Amino acid sequence: MQMTKQYHTTLQDAGIRPSIQRTAIYAYLCEHPVHPDVETVYDALNPIYPTLSKTTVYNTLKLFEEKHIVQSIKIEDDKLRFDAEMRNHYHFKCTKCGKIFDIFLDEDKVPSQDSYTGLMPQGFSLSKIQTNLWGICNECSK
């Protein structure tokens, strides 16, 4: 895993103190776009950073979400997963292998938050949109 200045800078720009553990967690998310849960991140980084705890991973991921540098996704299972890709996109879960993929559409085809706001009943406030798709991925359909 590369601890590039880019990750350090992204954290600083978001108002997050870029500790070694925070930078490692963010780097892992960026370099492993598999939509990991807390357990997966912890299991991957704990051998490298033995003082890392699951609580630290969870709290760090929630901080990243609050600062809008990652998003949490919930797709069919009880696990909260995390995604460092912040561009508008959908999530596709293969019902055979369980992997989750990012699906990008042309910007003009992705509904904006404003287009959904008009659908909301009066007094409702929209804070997050998440679209999930299910099917069979390319590898599993072979």
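In this chain, residues are counted from 1 in sequence order. Treat the numbers as computed from the prediction; the structure is a model and nothing was measured.
- Side-chain contact annotation: T40 with D43, donor-acceptor N/O pair under 3.5 Å absent.
- The closest side-chain heavy-atom distance from D37 to L80 is not below 4.5 Å.
- H8 contributes no side-chain N or O that, together with a main-chain N or O of Q6, makes up a donor-acceptor pair within less than 3.5 Å.
- The shortest side-chain heavy-atom distance between E39 and K54 falls under the 4.5 Å cut-off.
- By the 4.5 Å heavy-atom criterion applied to side chains, T56 and Q21 are counted as neighbours.
- Smallest separation of non-hydrogen atoms from L29 and P36: CD2-CG, 3.5 Å.
- Atoms CD1 and OG1, from I16 and T60 in turn, are 8.5 Å apart once rounded to the nearest 0.5 Å.
- Considering only heavy atoms from C-beta on, F104 stays 4.5 Å or farther from N88 through its side chain.
- Inter-residue side-chain proximity for D102 and D83 is flagged as met; some heavy-atom pair is nearer than 4.5 Å.
- In the hydrophobic cluster analysis, where Ile, Leu, Val, Met, Phe, Trp and Tyr join through side-chain heavy atoms closer than 4.5 angstrom, V70 is grouped apart from I75.
- Here the CD1-NZ distance, from I136 to K93, works out to 12.0 Å after rounding to the nearest 0.5 Å.
- The backbone N or O of R17 lies less than 3.5 Å from a partner atom in the side chain of R22, making a donor-acceptor pair.
- With respect to K67 and E65, no salt bridge is recorded, no charged nitrogen being found less than 4.0 Å from a carboxylate O.
- Put simply, the side chain of H35 gets close to the backbone of I100: a donor and an acceptor are under 3.5 Å apart.
- The closest donor-acceptor contact from the side chain of Q71 to the backbone of A84 lies at 3.5 Å or more, if one exists at all.
- In this structure, CD1 on I25 lies 11.5 Å from OH on Y42, to the nearest 0.5 angstrom.
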Can you check side chain to side chain contact (heavy atoms under 4.5 Å, CB included) on N59 and T55, steps first, answer last?
CA-CA 6 Å; N59 290 338; T55 301; 3.4 Å; yes
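- Residues T10 and Y26 are in side-chain contact: their nearest non-hydrogen atoms beyond the backbone lie under 4.5 Å apart.
- Distance check: C137 SG to K99 NZ gives 6.5 Å after rounding to the nearest 0.5 Å.
- When side chains are defined from C-beta on, H89 does not count as touching F101, because their heavy atoms never get closer than 4.5 Å.
- Transitive grouping of hydrophobic side chains (ILVMFWY, heavy atoms separated by less than 4.5 Å) keeps I73 and F82 in distinct clusters.
- Once rounded to the nearest 0.5 Å, the distance linking CZ of R81 with OG of S72 reads 12.0 Å.
- Environment of CZ in F92: crowded, with over 12 heavy atoms of neighbouring residues, nucleotides or ligands closer than 6.0 Å.
- Rounding to the nearest 0.5 angstrom, the gap separating the CD1 atom in I20 from the OH atom in Y49 is 7.0 Å.
- The hydrophobic clustering, which links ILVMFWY residues whose side-chain heavy atoms are closer than 4.5 Å, places I48 and L52 together.
- Using a 4.5 Å heavy-atom cutoff, the side chains of V57 and L45 are not in contact.
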